[in-house]
Structure formats: C-alpha cells, structure tokens
Amino acid sequence: MDIKEIIDKEPSGEQLEVKGWVRTFRSNRFVALNDGSTAKNLQVVIDFEKEEEALLKRITTGACIRFTGKLVESQGAGQKVELIAEEIEVLGDANAEEYPLQPKKHSLEFLREIAHLRPRTQTFGAVFRLRHALQFSIHKYFNDNGFYQVHTPIITGSDAEGAGEMFRVSTLDPKNPPMTDEGNVNWKEDFFGKETNLTVSGQLEAELFALGLGKVYTFGPTFRAENSNTTRHLAEFWMIEPEVAFNDLFDNMELAEDLLKYCIRYVMEHCADDLKLLADRQAQEEKQLPQDKRSMPLMEKLEFVVNNEFQRCSYTEAIDILKNSKPNKKKKFNYIIEEWGADLQSEHERYLVEKHFGKPVILYDYPASIKAFYMRLNDDGKTVRAMDILFPGIGEMVGGSQREERYDILKQKINDFGIDEEELSWYLDTRKFGTCVHSGFGLGFERFMNFITGLGNIRDVIPFPRFPKNAEF
Ligand code: 4AD
Ligand code: MG
C-alpha cells in the first residue's frame, strides 16, 4: 500500500505491508520511510532487542526495505500513525560509505551533479510530483474547454521562429558527406532528402490544425541550440502552444491569463504538502537575508497572482516608463533605453514587473523589426500584434501573437525575412484557402515550474537538463 494512503488511515491495528527507501534511522529504533507517493514519511518502529544486529546495520539511509507490521497510533508528535515492524526484508542495500545522499542538507548544485539520485530527496520528490500535477492541470484545462491536443512533429524541415537556433538531424557520415558539384554538402542524399532539424516550436503546424479543428494545443519537447548558459534557458524544454481560430490578440491574452491562473489554483489545491515543503525551503534559504532582500513567501506569491489581474501595457507605453525610470536616467541599466524600437533586455522586463507594476505584465504591440515573421502587422505599419507575459522573478514566461492571416502581406514578410517561400508553401496555403483571424502563444513549461516551485534555476525543474556542454544521463 502507498504511504500516501497509509498516513491518513486510522490507527486500527491493521496488518500492512509497505516498501520504500530509508530517509533516516534514529536510535536503532525509528525509520523514516518514503516511497515517493507523498512528501511525508511513514514512521516505522523497530524493536531492536528482537532483531539481529547484522540486519539492523543494513538499515541505512537510501536502503530499500519491505516491512510488514501493525498500524497503530503514534506515540510521537508529528504523525497520527506509525507501523510497528514485525517482518523486515532488505530489498536493496545502500552502503553508507558510498551512498552520496546523507541525512543532511545538500546544495542544489551538488544534487544536480547526481541527477540520477536526486529523485530520492525530499525537495526533488516535491518538484517532480508537482511537475506531474502541473502538466495534468494543463491537459485538464484544455480538455474541459473544448481544445484538441495535436502531436506536432519533432523532426521538421523548417525554422518556425526564423532564429536559426536549430539542432541538425542527419544520418550522413560527418567524415565523408556526399558533395554537390559546387562543393557543398548534398543534403538531397540525407535520410529525408533535405535538411532537417529538431523542432524549435510546434506553432506553424498547430496553426494548420486550428484552421480545421478550431481550438487546438501542442505540449511537447522543443529544442534550441542557443548558446545561453543561464538559469532560464535549456537546450531541450517543454512548451505548451495553444492556437485558436477567430481569437484576436486580446482574446489570446485572456486565454493565457485564465490558463495560468487555473493551473496555479489546481496545484495549490492538489499539491498542498509539496508546496508547503518548497515554501518552507525558500523561507529557510532566505532566513539570513535582510527583510527587503527576501522574496515574497511562496504561497502568498501564488495567491497574489491568482487574485490579481495581469497588467496590460503596450510596448510604446513601456518604453516611456523605462525612459523615465531612475535606473535609465542614472545609467544603472547595462543597456540604456534611448529610443522607441529598442529590444527589451531582461533587466528592463524585471524593472517593469518587479519595480513598476509589481505583478505579472502583458506587454503587447511590439515593433515588427524585433519579432518573428508570422505576426499580424498593425495598421500603423510598424508594430505587430505580439504579446509577451512577464512574471516576477522569471521574466518572459509566455510569448505569443495574433498571426498574419493576409496572404499577400505574409508572403511579403516571408520574403523580407529572407525565408525560402517554397519551404513554407504549405503554411501560405492556409492563407490562400479559407483564411481567418487566429492567435496563439507558447508557454515555457519549465519557467512556469520555476515560478510555482520558487526554485531559481531551470535545471532543477526538469529531470535531466540539457544545456551547452552537458547531456549527462
Ligand atoms: O517566445 P518563444 O520563442 O515563442 C515561440 O516559440 C512561439 N512559436 C510560441 C507561439 O506563439 N506558439 O518561446 C515561447 C516560450 C518563452 O516565452 C519561454 O517561456 C519559453 O518558451 N522558452 C524557453 N524556455 C526554456 N529554455 C529556452 N531556451 C526557452 N526559449 C523559450
Ligand atoms: Mg519570446
């Protein structure tokens, strides 16, 4: 029986079997046993006078053990029930001299080095149970709201973002590739008969489906070969991309805000123990800091976000705010905002969200020159119907837009961006046949996880992070 179920039972003297891993073993008597089903441990009480010394020695942190015994009222504080051990079987020993996880506080950096063992820790148990619940809440939200999930391809022949940050997929021999007469690699002889890469976004394919099924979403791995060694970037991350026919940019904002709030509420309701553990962890970590340097307590922060409307602010308004801000005037920003058209750096986004508005902000109507080719051009001819949602402590969590639905303008844009029109003929076809206003966005799943768990590094919220010079496990 799962420990999650056992700890809520009444102390009836019932006979039970339980299997799990030892967290701690105190006074040769009390085992804190965890099986991953919950953040809480089951206390197992051993009568050491009855057991062999050799067996007791094998009850070490990390060992996997099967116990049978009676469930009784706990004598100690902190738990309702405990198991009085009758049979003890060590299923897997964990030599205390070698096992890297000991009952003390390990740093997240250290645990990242042993990512194969970190699911055994309290913190990562909580993180990965939350990750499951959060992805479930996303599917539930869409399902309950009439969306269909589309499995878009992982191997593609296009660069959806036009940013050129792709991982090549090829079966050609790198030492001796076939060449063309002009002396270039002949990709026609490659596996797919053309150049292919891992997808950077499922958006373009999702659009094709939205213009047939109405409301769709993708939820899959995406890959970016950007050389960003930061706490917010991964080379492999998971993205949620809804796409909706007939939605304009403002409907798109509403959908994103509603989804984010729904999912936060869902985990607050269903993962209270795991969130509490992470909230306590954050409070503990920040205890040494002066009051004004501490973050908002985790639960308070989540409450705050679900109970307040996200701020809508156009790019043009944001530039005015930034130009007149103290750090800009005092040249405290690394990039000083001089004029309209500047790309916003994370220091600017953070200022807007954390200092100026103090809540999540939806920035919209960006200059066309700093955004992707597929975004709907506004009547001013210089801005596009793009939106980014910025979160405190995270920065950009969502990027989306209303899509350019007019054939001629889209075709022109594709050419202006230097993209081969032939490559996107299938995409252009949707604008030729029964086109309509439609919008969508991409939500970075791990950035959402960072916000919810309060953990500061994106490498700690995905089981096995991929980043420059690292593809361990
Ligand atoms: O802003 P991005 O690049 O937008 C797109 O890919 C669009 N095609 C989405 C759409 O409209 N359907 O990425 C969307 C989100 C970002 O806001 C960020 O949260 C996340 O994906 N993201 C990353 N997360 C982790 N590591 C990276 N390297 C990321 N790059 C983007
Ligand atoms: Mg973006």
[X] vs [Y] side-chain heavy atoms within contact, under 4.5 Å:
| X | Y | answer |
| --- | --- | --- |
| F467 | H233 | no |
| H116 | I114 | yes |
| K261 | F310 | yes |
| T60 | N95 | no |
| T222 | F237 | yes |
| V437 | Q402 | yes |
| Y262 | V306 | no |
| V200 | D159 | yes |

Does the ring center of F136 lie less than 6.0 Å from the ring center of H270? no

Within the 6.0 Å centroid threshold, strictly below: H348 and Y335: no

Between [Y] and [X], does any NZ, NE, NH1 or NH2 come within less than 4.0 Å of an OD or OE carboxylate oxygen?
| X | Y | answer |
| --- | --- | --- |
| K371 | D388 | yes |
| R385 | D248 | no |
| K19 | D35 | no |
| E87 | R66 | yes |
| E269 | R265 | no |
| E285 | K105 | yes |
| E243 | R403 | yes |
| K9 | E14 | yes |
| R131 | E446 | yes |

For E161 and Q203: C-alpha separation, side-chain torsions, deciding distance, then whether side-chain contact (heavy atoms from CB on, under 4.5 Å) applies. CA-CA 9 Å; E161 288 303 296; Q203 177 197 321; 3.9 Å; yes

When you measure from the side chain of N308 to the backbone N and O of F304, does any donor-acceptor pair fall under 3.5 Å? yes

Is there a donor in the side chain of [X] and an acceptor in the side chain of [Y], or the other way round, less than 3.5 Å apart?
| X | Y | result |
| --- | --- | --- |
| Y141 | D258 | yes |
| S74 | E82 | yes |
| T68 | Q15 | no |
| E286 | S295 | yes |

Please give me the minimum heavy-atom distance between [X] and [Y], naming the atom from each residue.
| X | Y | value |
| --- | --- | --- |
| P103 | R23 | CB-O, 4.1 Å |
| S37 | I3 | OG-N, 3.5 Å |
| P221 | I154 | CG-CD1, 4.0 Å |

Stepwise, does the side-chain contact (heavy atoms from CB on, under 4.5 Å) test hold for Y266 with I138? CA-CA 9 Å; Y266 183 93; I138 291 168; over 6 Å; no

Atom [atom1] of residue position [X] - does it have more than 12 heavy atoms of other residues, nucleotides or ligands inside 6.0 Å?
| X | atom1 | value |
| --- | --- | --- |
| E86 | CD | yes |
| K276 | NZ | no |
| K301 | NZ | yes |
| K359 | NZ | yes |

Can you tell me how the ring of [X] sits relative to the ring of [Y], calling it parallel under 30°, perpendicular over 60° and tilted otherwise?
| X | Y | answer |
| --- | --- | --- |
| Y315 | Y366 | tilted |
| F391 | F451 | perpendicular |
| F167 | F223 | perpendicular |
| F147 | F142 | tilted |

side-chain contact (heavy atoms from CB on, under 4.5 Å) assessment of L130 paired with V267: CA-CA 7 Å; L130 267 166; V267 295; 4.0 Å; yes

Output, in order, the C-alpha distance, side-chain angles, deciding distance and verdict of ring-ring contact (aromatic ring centres under 6.0 Å, His included) for H438 and F246. CA-CA 5 Å; H438 62 287; F246 315 118; 9.2 Å; no

Is R312 positioned over the aromatic face of Y364, cation under 6.0 angstrom from the ring centre and no more than 45 degrees off axis? no

Decide yes or no on side-chain contact (heavy atoms from CB on, under 4.5 Å) for T316 and D365, but give the supporting numbers first. CA-CA 8 Å; T316 304; D365 281 353; over 6 Å; no

